[in-house]
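First up is the structure itself, then whatever we jot down about it.
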Amino acid sequence: MDQTAESKASHKGRIIIRNLVFDINEKMLRKLMSKFGEIIDINIPLNPKNNKSYGYAFVEYSHKNNALKAINDLNDTKYKGRTILLDLSVGKQTYEKKIKEMDNE
């Protein structure tokens, strides 16, 4: 398996969570998401100007089925007063390609 295929395979259980509170931290997210399975990575991008979240995060599970269960159970539900949205995460190149295709339509 080449490195690109290996990288894609390793992220099949990765989800993106949008519309999170800006003061979200790893401990809060782990508490919310760990009931669905083993978490192998949490990434909360931070704004360098104020060191707060941009309002989204990535959670990677050891198995895709765990990610799908989390999406099914938590998508479009309230967390800390905000409606959160969950979906399987795609790589940055895939996302940018899709956006470019949409702009060309």
Donor-acceptor pairs under 3.5 angstrom involving side-chain atoms of residues 50-57: please list them, not counting sequence neighbours.
from, atom 1, to, atom 2, distance (Å)
Asn50, OD1, Lys52, N, 2.9
Ser53, OG, Gly55, N, 2.7

Got a sec, which pairs hit side chain to side chain donor-acceptor pair (under 3.5 Å) with one end in residues 63-72, sequence neighbours left out?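 Checked against side chain to side chain donor-acceptor pair (under 3.5 Å) - neighbours excluded - the pairs reaching residues 63-72 are Lys69-Asp73.
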
Under the rule for salt bridge (Lys or Arg N to Asp or Glu O under 4.0 Å), what residues qualify as partners of Arg30, not counting sequence neighbours?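 Listed in chain order: Glu26.
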
I need the minimum non-hydrogen distance between Leu88 and Lys12, along with the two atoms involved.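 The pair with the smallest heavy-atom distance is CD2-O, 4.1 Å.
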
When you compare the side chain of Leu32 with that of Val59, does any pair of heavy atoms fall below 4.5 Å?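 Not in contact.
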
Please output the side-chain donor-acceptor pairs of residues 35-46 that fall under 3.5 Å, not counting sequence neighbours, one pair per line with the distance.
from, atom 1, to, atom 2, distance (Å)
Glu38, OE1, Ser62, OG, 3.4

Is a side-chain donor or acceptor of Tyr61 paired with a backbone partner of Met33 at a separation under 3.5 angstrom?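 Flag set: sc Tyr61 to bb Met33 pair under 3.5 Å.
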
Below 3.5 Å, can you tabulate the donor-acceptor pairs from side chains in residues 74-84 to any protein atom, sequence neighbours excluded?
from, atom 1, to, atom 2, distance (Å)
Asn75, OD1, Leu86, N, 2.8
Thr77, OG1, Leu74, O, 2.5
Lys78, NZ, Thr83, OG1, 3.4
Arg82, NE, Asn19, O, 3.3
Arg82, NE, Asn19, OD1, 3.3
Arg82, NH2, Asn19, OD1, 2.6

Run the side chain to side chain donor-acceptor pair (under 3.5 Å) test against Asn47 and tell me which residues pass, sequence neighbours left out.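 Asn47 satisfies side chain to side chain donor-acceptor pair (under 3.5 Å) with no residue once adjacent residues are dropped.
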
same_hphob_cluster(Ile71, Ile17) at 4.5 Å side-chain heavy-atom cutoff: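 Shared cluster, yes.
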
